[in-house]
Protein chains: 2
Amino acid sequence: MPTDVAARLRAQGYRVTEPRLRVYEVLRTADGHLTADEIADALAHGAEPTTLSSVYRALAVLDELELVRSSRLTDGDASHWELAHPDEHFHVVCTSCGDVDHHRGSLVSVIEDHLRDGHRFEPEEITVLVRGTCARCRGVADSA
Amino acid sequence: MPTDVAARLRAQGYRVTEPRLRVYEVLRTADGHLTADEIADALAHGAEPTTLSSVYRALAVLDELELVRSSRLTDGDASHWELAHPDEHFHVVCTSCGDVDHHRGSLVSVIEDHLRDGHRFEPEEITVLVRGTCARCRGVADSA
DNA sequence: GTGGCTGCAAACATTTTGCATAACT
DNA sequence: AGTTATGCAAAATGTTTGCAGCCAC
């Protein structure tokens, strides 16, 4: 059982509603980084259309519960949302194919330790975003 | 002489204009992270008011020349702009006092090497954003 | 003198909000 | 039943763009 969203909602005094469950479900099954708009689109094709504003409100609540997380993968674009895995703070984005990879945290803890020990800075949240070209796209571009 | 903006502009076929020079000057002297709006404000008090749209267009050109850089230091807010120093990809933001620190790159190159060697991923741009509490603010909050 | 740049205002995109209705508890 | 959440539409925010006149070249 991954995460009982309903229980988490109830535990914090939030009501368990369709939009909230559905938004979470979309993010879970899509297994990717979706904008609020894309989530709303995905839900529009389903049984009952869920409004964009409800998507935003659902995301705000799920974010509050630390069930989802937003990140700005591109410069000017909209925020992208994904399930929150506590140890995945590390986005690797291929600028060629748009693929997004996660890396788990050993480097993140190196950064944490460095700041804590060397600078007496207490880190709460670390975001690492790398843009570049993935192995597959490099293979296509390169000759050898 | 830090950087001859005029020369860089000319070299790329851009014209040397007041707004471009002034926007760069504001960022250089402010020595901080300003939003486009704050830059426009700073220029409004000066001799000739420079429009917000001109600020955006100037920033786009300066970004193109890699003289300035934008970063999303906060979640929903506007982009913040600063001079581009090639080895400063590492933002440390204090959520208490709002202070922004730069760290130079040893950790960044660790990340680069890891991705290149271990994953055949060619990094082009790395952004590290850490939010937390700085030493000064911790001192105020703590007792001992 | 010419073409790129600016200012202005209007358009755009994303996100937030007010209010009446509907739904969870 | 009581309240909180939703849907709709309108507002707020940050950023981009079209166009006429201006300025660097």
Side-chain angles (χ1 to χ4, degrees), chain A residues 4-26 33-44 46-65 67-81, chain B residues 4-26 33-65 68-81:
Chain A
D4 191 341
V5 183
R8 297 279 286 271
L9 283 168
R10 250 186 295 262
Q12 299 298 315
Y14 290 108
R15 291 188 180 171
V16 178
T17 68
E18 281 297 312
R20 285 168 185 170
L21 297 178
R22 275 184 263 149
V23 164
Y24 185 88
E25 236 8 61
V26 168
H33 302 71
L34 302 177
T35 63
D37 206 60
E38 289 166 339
I39 297 172
D41 272 4
L43 290 174
E48 320 168 38
T50 300
T51 340
L52 185 55
S53 44
S54 299
V55 171
Y56 276 109
R57 285 192 268 226
L59 287 171
V61 170
L62 295 172
D63 189 34
E64 185 77 20
L65 303 187
L67 293 172
V68 304
R69 178 189 323 161
S70 78
S71 46
R72 297 261 185 188
L73 297 180
T74 55
D75 251 355
D77 251 304
S79 293
H80 286 75
W81 294 82
Chain B
D4 190 342
V5 183
R8 296 279 285 272
L9 283 168
R10 251 185 293 262
Q12 300 297 315
Y14 290 107
R15 292 189 180 169
V16 178
T17 67
E18 281 296 314
R20 286 167 185 170
L21 298 177
R22 275 184 264 150
V23 164
Y24 185 88
E25 235 9 60
V26 168
H33 301 72
L34 302 178
T35 63
D37 207 61
E38 289 166 340
I39 298 170
D41 272 5
L43 291 174
H45 300 145
E48 318 170 38
T50 300
T51 340
L52 185 55
S53 45
S54 298
V55 170
Y56 276 110
R57 285 192 267 226
L59 287 172
V61 170
L62 296 172
D63 188 33
E64 183 78 19
L65 302 188
V68 304
R69 176 189 325 156
S70 78
S71 45
R72 296 261 185 186
L73 296 180
T74 56
D75 251 355
D77 251 303
S79 294
H80 287 74
W81 294 83

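Here is how names work: the chains are called A, B, and so on, in the same order as the sequence lines, proteins then strands, and each is numbered from 1.
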I need the minimum non-hydrogen distance between [X] and [Y], along with the two atoms involved.
X: Arg8(B); Y: Leu65(B); value: NH2-O, 3.3 Å
X: His33(A); Y: Ser71(A); value: CD2-OG, 4.5 Å
X: Arg10(A); Y: Val16(A); value: NH1-CG2, 3.7 Å
X: Ala36(A); Y: Val55(A); value: O-CG1, 3.7 Å

I'd like a list of close polar pairs between nucleotides 23-25 of chain D and the protein, N/O only, cut-off under 3.5 Å.
unit_1	atom_1	unit_2	atom_2	d
dA24(D)	O3'	Val16(B)	O	3.4
dA24(D)	N3	Arg15(B)	NH1	3.4
dC25(D)	OP1	Val16(B)	N	3.1

_Looking at dT15(D), I'd like to know if its phosphate oxygens (OP1 or OP2) sit under 4.0 Å from a side-chain N or O belonging to Tyr56(B)._
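Affirmative; the distance criterion is met.
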*Ignoring backbone atoms, test whether Ser54(B) places a side-chain nitrogen or oxygen under 4.0 Å from the OP1 or OP2 oxygen of dT6(C).*
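For dT6(C), neither OP1 nor OP2 has a side-chain N or O of Ser54(B) closer than 4.0 Å.
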N/O to N/O distances under 3.5 Å, protein versus nucleotides 18-21 of chain D:
unit_1	atom_1	unit_2	atom_2	d
dG18(D)	O6	Arg57(B)	NH2	3.4

*What parts of residues 34-43 of chain B reach DNA chain C, counting only heavy atoms under 4.0 Å away?*
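Contacting residues: none.
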*If you fit an axis to the five pairs at each end of the helix from dG1(C)-dC25(D) to dT25(C)-dA1(D), how big is the angle between those two axes, to 10 degrees?*
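Between the first-five-pair axis and the last-five-pair axis there is 40°.
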*Listed partners of Arg22(B) passing side chain to side chain contact (heavy atoms under 4.5 Å, CB included), at least two apart*: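 Listed in chain order: Glu18(B), Pro19(B), Leu43(B), Glu48(B), Thr50(B).
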*Partners of Glu25(B) by side chain to side chain contact (heavy atoms under 4.5 Å, CB included), sequence neighbours excluded?*
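If we apply the side chain to side chain contact (heavy atoms under 4.5 Å, CB included) test to Glu25(B), skipping adjacent residues, the hits are Arg28(B), Thr29(B).
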*Could you work out which one of dT14(C), dT6(C), dT15(D) sits closest to the side chain of Ala78(A)?*
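Ranking dT14(C), dT6(C), dT15(D) by closest atom to the Ala78(A) side chain puts dT14(C) first.
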_Side chains of Ile39(A) and Leu59(A) in contact at under 4.5 Å (non-hydrogen atoms)_ =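 When only atoms from C-beta onward are counted, Leu59(A) and Ile39(A) do touch, with a gap below 4.5 Å.
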